[in-house]
Amino acid sequence: MANASWGFTPTVPHVDRTRIFPSIAIFRSGFYSPDRISKRVSCASTANGADKLSPSESRSPRVVGKGCKLVGCGSSVPNLQVSNDDLSKIVDTNDEWISVRTGIRNRRVLTGKDRMTGLAIEAAKKALKMADVDPDDVDLVLLCTSTPDDLFGSAPQIQAGLGCKGNPLAFDITAACSGFILGLVSASCYIRGGGFRNVLVIGADALSRYVDWTDRGTCILFGDAAGAVLLQACESEEDGMFGFDLHSDGEGNRHLNASIKENETEDLFGTNGSIPGFPPKSSSYSYVQMNGKEVFKFACRVVPQSIELALQNAGLTRSSIDWLLLHQANQRILDGVATRLEIPTERVISNLANYGNTSAASIPLALDEAVRSGKIKSGETIATAGFGAGLTWGSAIIRWN
């Protein structure tokens with residue numbers, strides 16, 4: 001496995017109306033080395049509507065620094081709360097059985113006409129408000145989700161819902177419970193290498209749509225939510241993205257998946273001498289399938305290793321960590337990772353009891369609550385990690401600004 005820092009072209013001779021794309025080398029794990037990053041890059045994106053600008057036109061570039069920092073956060077959850085006692089009425093379980101094994105007591109679930117995009121828009125608006133950034137100044141929207149409201153992605157709908165008149169790029173990132181970490185790293189890439197200034201990273205999922213509510217092994221775990229952060233370009237001394245580590249292992253897919261399947265319907269066309277198997281049957285995704293024991297062992301093994309690598313790439317040690325913020329999957333996983341890293345319980349962020357596993361939303365949701373409650377303070381260093389389906393996992397060492 002290769003561990004390497006970014007490499008950028010050392011100088012930018014001048015800034016004009018053309019977006020500058022420095023040469024970038026990105027590996028599975030790495031850190032940002034300020035002395036290798038150009039001090040000046042430009043940022044430009046369409047501003048007055050796609051119908052009024054030609055493809056070659058763009059808004060005037062803005063000179064930005066060589067770092068990036070987290071300047072705003074927000075979150076949103078559905079109104080409906082489902083308790084363990086509520087679940088005991090539809091499956092063979094009880095509050096003690098669930099809470100002892102998972103740490104979960106409640107979860108929020110979308111109902112009626114509510115949609116995941118609605119949660120994402122609300123969370124993003126709160127992040128922008130905290131950062132005091134206008135939607136028109138957003139250069140990029142990254143939606144980390146495995147449950148979009150549209151097969152082709154939901155990020156553009158969020159961009160429209162925010163009222164971003166400049167038509168900034170918006171697209172989905174699919175990496176399940178690791179999605180938000182990948183979104184953070186991707187946002188920093190766009191800021192450092194592409195000259196973007198304000199990037200919204202949203203983690204949002206509605207796994208309640210893909211849960212078998214008759215299976216007590218999975219239905220007790222998941223909830224719906226959205227969380228968002230705004231990453232902003234800054235000078236190197238304010239940099240808040242210190243190091244990261246990212247991985248995937250497709251061999252582990254068998255332990256956690258929601259695979260596509262053909263619908264069991266009649267063949268409406270019959271054969272009639274036509275091509276066998278054509279037209280194809282309509283398809284949909286199966287319920288979430290999980291081998292809980294294997295996923296638990298996987299997380300407890302790889303997450304501490306990943307955080308150690310991210311710290312190493314950042315040039316930091318465990319003693320530098322003020323807070324441990326993990327994907328909120330299971331309280332026993334949080335406790336196990338904290339023990340391995342020798343981080344005291346009072347320094348572990350956990351809101352799992354109230355929301356369950358909200359997939360890509362869990363880290364930004366917990367971050368937002370901790371920031372707004374005053375638990376996490378400006379300048380503190382956070383070791384954060386996501387892990388889940390794919391299998392994927394990754395970590396990042398960040399500073400809240």
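Hydrogens, waters and symmetry mates play no part in the numbers below; they use all other heavy atoms, side chains included.
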| note | All heavy atoms of T145 vs all of T174, minimum pair found to be O-OG1, 3.4 Å

| request: To the nearest 0.5 angstrom, please state how far the CG atom of D368 sits from the OG atom of S76. | output: 10.0 Å

| request: Measure the CG-CG distance between D249 and L391 for me, rounded to the nearest 0.5 Å. | output: 6.0 Å

| request: Would you give the length of the straight line joining atom OG1 of T218 to atom CG of N357, rounded to the nearest 0.5 angstrom? | output: 11.0 Å

| said: Would the distance check show the side chain of R105 and the main-chain N or O of D95 forming a donor-acceptor pair, the cut-off being under 3.5 Å? | reply: no

| request: Go through the steps for L221 and M290 under the test side chain to side chain contact (heavy atoms under 4.5 Å, CB included), then give the verdict. | output: CA-CA 11 Å; L221 300 174; M290 184 174 69; 3.1 Å; yes

| query | Any donor and acceptor pair, going by atom type alone, linking the side chain of K126 with main-chain N or O of S75 inside 3.5 Å? | reply | yes

| What heavy-atom pair brings G183 and C144 nearest, and what distance separates the two atoms? | CA-SG, 3.7 Å

| What heavy-atom pair brings P78 and V109 nearest, and what distance separates the two atoms? | CB-O, 3.4 Å

| task | Report, as yes or no, whether the 6.0 Å neighbourhood of atom CD on E237 holds more than 12 heavy atoms from other residues, nucleotides or ligands. | result | yes

| Are the side chain of R216 and the backbone N or O of I98 linked by a donor-acceptor pair below 3.5 Å? | no

| note | Partner of Y355 under side chain to side chain donor-acceptor pair (under 3.5 Å), picked from E369, Q81, R108, is E369

| According to the interplanar angle, ranging from 0 to 90°, do the rings of Y285 and Y210 count as parallel (below 30°), tilted (30 to 60°) or perpendicular (above 60°)? | perpendicular

| request: Quick one: do I181 and F244 satisfy side chain to side chain contact (heavy atoms under 4.5 Å, CB included)? Show the steps, please. | output: CA-CA 9 Å; I181 296 297; F244 67 89; over 6 Å; no

| Could you give the distance from CG (D205) to OG1 (T147), rounded to the nearest 0.5 Å? | 3.5 Å

| request: Only counting residues at least two apart or in another chain, list the ones meeting side-chain contact (heavy atoms from CB on, under 4.5 Å) with Q331. | output: L334, D335, S350, L352

| said: Does either side chain, that of S208 or that of D224, offer a donor lying less than 3.5 Å from an acceptor on the other one? | reply: yes

| query | Is any NZ, NE, NH1 or NH2 atom of the basic residue among K165 and D134 found under 4.0 Å from an Asp or Glu carboxylate oxygen of the other? | reply | no

| Exercise: do N257 and Q289 side chains pair donor with acceptor under 3.5 Å | no

| Pairs touching residues 284-296 that satisfy salt bridge (Lys or Arg N to Asp or Glu O under 4.0 Å), sequence neighbours left out | E294-K297

| message | Check this for me: does any side-chain nitrogen of one of R107 and D86 sit under 4.0 Å from a carboxylate oxygen of the other? | response | no

| query | Are the side chain of S154 and the backbone of D149 linked by a donor-acceptor contact shorter than 3.5 Å? | reply | yes

| request: Step by step, work out the side chain to side chain contact (heavy atoms under 4.5 Å, CB included) result for W213 and V91. | output: CA-CA 8 Å; W213 290 100; V91 291; 5.9 Å; no

| remark: Here the pair of heavy atoms bringing A383 nearest to I307 is CB-CG2, 4.1 Å

| message | For the residue pair D245 / S395, report whether a side-chain donor-acceptor contact shorter than 3.5 Å exists. | response | no

| said: As an exercise, state the distance from CG of L365 to CD of Q328, rounded to the nearest 0.5 Å. | reply: 8.0 Å

| T358 vs F222, side chain to side chain contact (heavy atoms under 4.5 Å, CB included): CA-CA, chis, key distance, verdict | CA-CA 6 Å; T358 57; F222 299 103; over 6 Å; no

| said: On a heavy-atom basis, which atom in V138 and which in C164 lie closest, and how many Å separate them? | reply: CB-SG, 4.4 Å

| query | Is the backbone of V71 close enough, under 3.5 Å, to the side chain of N401 for a donor and an acceptor to pair up by distance? | reply | no

| message | Give me each pair satisfying side-chain hydrogen bond (donor to acceptor under 3.5 Å, both in side chains) with a member in residues 380-391, each pair once, sequence neighbours excluded. | response | W323-E380

| Have N94 and S88 got a donor and an acceptor in their side chains that come within less than 3.5 Å? | no

| Approximate separation, where rounding is to 0.5 Å, of L324 CG and R347 CZ | 11.5 Å

| field | Closest heavy-atom pair and its distance - K375, I349 | value | CD-CD1, 3.4 Å

